[in-house]
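Residue numbers start at 1 and run along the sequence shown.
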Amino acid sequence: MSSISTQFYALENELVDFIDSISKTIECYLVNISESPFKATLFKSCETLQRPISHVAMFRREPGFLGAATNDFFKKNPNAIHLFIGSHDAAGLSESWFTVLTEDDDTFILAKKIVTRLKKITKAGVVFKNLETDKEGMVKTYRYTAMVKEEQNNGLRLLGMGKNIIAYIP
């Protein structure tokens with residue numbers, strides 16, 4: 001099994017542009033995944049999607065069973081490459097996550113191409129702080145975009161995992 005996992009902070013409009021650039025330059029199928037109720041919608045451009053977008057799955061081959069339930073959809077369409085887009089509301093910006101776990105070499109090659117492009121638009125190194133203990137530490141594997149850093153400087157709060165964890169870009 002090969003895997004990639006990259007956690008990062010980016011604004012939704014940045015990721016929409018990123019997804020659209022992928023759709024125009026890399027041969028793959030894009031599926032918007034909505035929860036509650038589950039819905040999988042094949043798309044070619046983010047312009048056709050209703051916002052907010054929270055989860056995009058990418059496939060080398062055209063996926064089937066778009067009307068299936070969540071577990072059935074992913075069982076019948078293995079080798080998905082996932083981009084979970086962090087929410088942005090009054091509380092702040094949640095992290096986004098790019099991930100793949102696959103036995104398919106071609107899917108892994110595709111995921112490496114995509115994550116390489118993601119790393120070109122992000123920088124590494126985010127500090128997380130526990131608000132209860134006041135302890136903090138740098139996590140060099142977390143990434144962020146320049147626009148997120150600029151928005152942080154204008155008051156945007158970066159949310160960590162858990163209600164008492166915040167993040168900031170030094």
Side-chain angles (χ1 to χ4, degrees), residues 1-89 93-126 139-151 158-159 161 167:
M1 261 307 160
S2 298
S3 67
I4 295 172
S5 182
T6 301
Q7 292 160 284
F8 61 99
Y9 289 95
L11 300 174
E12 183 187 39
N13 62 330
E14 293 177 291
L15 291 176
V16 164
D17 291 345
F18 178 73
I19 293 163
D20 277 342
S21 79
I22 289 169
S23 71
K24 292 174 185 158
T25 59
I26 296 177
E27 191 173 324
C28 66
Y29 293 90
L30 302 171
V31 178
N32 182 44
I33 306 294
S34 302
E35 304 291 336
S36 300
F38 177 81
K39 184 178 179 185
T41 308
L42 196 62
F43 71 97
K44 291 190 184 285
S45 168
C46 290
E47 291 175 6
T48 62
L49 298 179
Q50 185 175 10
R51 304 269 185 105
I53 302 167
S54 62
H55 181 186
V56 173
M58 296 162 253
F59 299 89
R60 279 188 333 96
R61 294 179 195 89
E62 186 170 2
F65 307 99
L66 294 175
T70 308
N71 290 341
D72 290 337
F73 175 76
F74 288 110
K75 281 180 189 172
K76 294 179 185 210
N77 295 290
N79 301 314
I81 300 166
H82 299 275
L83 177 60
F84 296 94
I85 299 174
S87 64
H88 184 185
D89 56 27
L93 178 65
S94 297
E95 68 185 51
S96 294
W97 183 33
F98 178 88
T99 186
V100 64
L101 177 63
T102 184
E103 293 180 351
D104 182 72
D105 291 339
D106 292 332
T107 297
F108 190 67
I109 289 167
L110 175 62
K112 286 196 317 188
K113 285 180 187 176
I114 295 169
V115 80
T116 296
R117 290 175 69 169
L118 178 63
K119 287 181 177 182
K120 286 181 181 176
I121 65 165
T122 59
K123 293 182 179 180
V126 175
V139 181
K140 294 179 182 177
T141 57
Y142 267 70
R143 304 184 72 82
Y144 62 91
T145 63
M147 190 177 289
V148 166
K149 183 169 184 170
E150 183 179 318
E151 289 298 314
L158 304 180
L159 306 174
M161 297 299 274

Only distances under 3.5 Å count here; give the side-chain donor-acceptor pairs of residues 56-70 to other protein atoms, sequence neighbours excluded, each with its distance to 0.1 Å.
from  : atom 1 : to     : atom 2 : distance (Å)
Arg60 : NE     : Asp104 : OD2    : 3.1
Arg60 : NE     : Thr107 : OG1    : 3.4
Arg60 : NH2    : Asp104 : OD2    : 3.4

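- In terms of heavy atoms, Leu15 sits closest to Ser96 at CD1-OG, 3.6 Å.
- Atom CE of Met1 and atom CZ of Phe108 lie 12.0 Å apart (nearest 0.5 Å).
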Could you list the donor-acceptor pairs under 3.5 angstrom formed by side chains in residues 110-117, with sequence neighbours left out?
from   : atom 1 : to     : atom 2 : distance (Å)
Thr116 : OG1    : Lys112 : O      : 2.7
Arg117 : NH1    : Thr25  : OG1    : 2.5
Arg117 : NH2    : Ser21  : OG     : 3.2
Arg117 : NH2    : Thr25  : OG1    : 3.1

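- For the pair Ile19 and Ile85, the minimum side-chain heavy-atom distance is below 4.5 Å.
- For Ile22 against Cys28, the heavy-atom pair with the smallest separation is CG2-SG, 3.9 Å.
- The salt bridge (Lys or Arg N to Asp or Glu O under 4.0 Å) pairs that include a residue from residues 39-58 are Glu12-Arg51, where partners are two or more places apart or lie in different chains.
- For the pair Arg143/Leu118, no side-chain contact is recorded, criterion being any heavy-atom separation below 4.5 Å from C-beta on.
- Glu151 CD to Leu11 CG: the interatomic distance, rounded to the nearest 0.5 Å, is 6.0 Å.
- Looking only at atom types and distance, the side chain of Thr102 has a donor-acceptor partner in the side chain of Asn79 under 3.5 Å away.
- For the pair Ile33/Phe74, a side-chain contact is recorded, criterion being any heavy-atom separation below 4.5 Å from C-beta on.
- No side-chain heavy atom of Val126 sits under 4.5 Å from any side-chain heavy atom of Val139.
- When all heavy atoms of Gly125 and Tyr144 are compared, the pair lying nearest together is O-CE2, 3.4 Å.
- For the atom pair CG of Leu83 and NE2 of His55, the computed distance is 8.0 Å after rounding to the nearest 0.5 Å.
- Side-chain atoms of Tyr9 never come within 3.5 Å of backbone atoms of Lys149 as a donor-acceptor pair (strictly under, hydrogens ignored).
- Side chains of Phe8 and Thr145 form no contact here, defined as non-hydrogen atoms less than 4.5 Å apart.
- Side-chain atoms of Ser34 and Thr41, non-hydrogen and from C-beta on, never get closer than 4.5 Å to each other.
- Annotation: Asp89, atom CG; neighbour count of heavy atoms from other residues, nucleotides and ligands within 6.0 Å is above 12.
- We find the CE-OG distance between Met161 and Ser94 to be 9.0 Å, quoted to the nearest 0.5 Å.
- If you take OG on Ser45 and CG on Asp20, they are separated by 4.0 Å, rounding to the nearest 0.5 Å.
- Closest approach of Ala10 to Val148, counting heavy atoms only: CA-CG2, 3.5 Å.
- With rounding to the nearest 0.5 Å, the separation of CD1 in Ile4 from OG1 in Thr99 is 8.5 Å.
- Around the CD atom of Glu27, the shell of radius 6.0 Å holds no more than 12 heavy atoms that belong to other residues, nucleotides or ligands.
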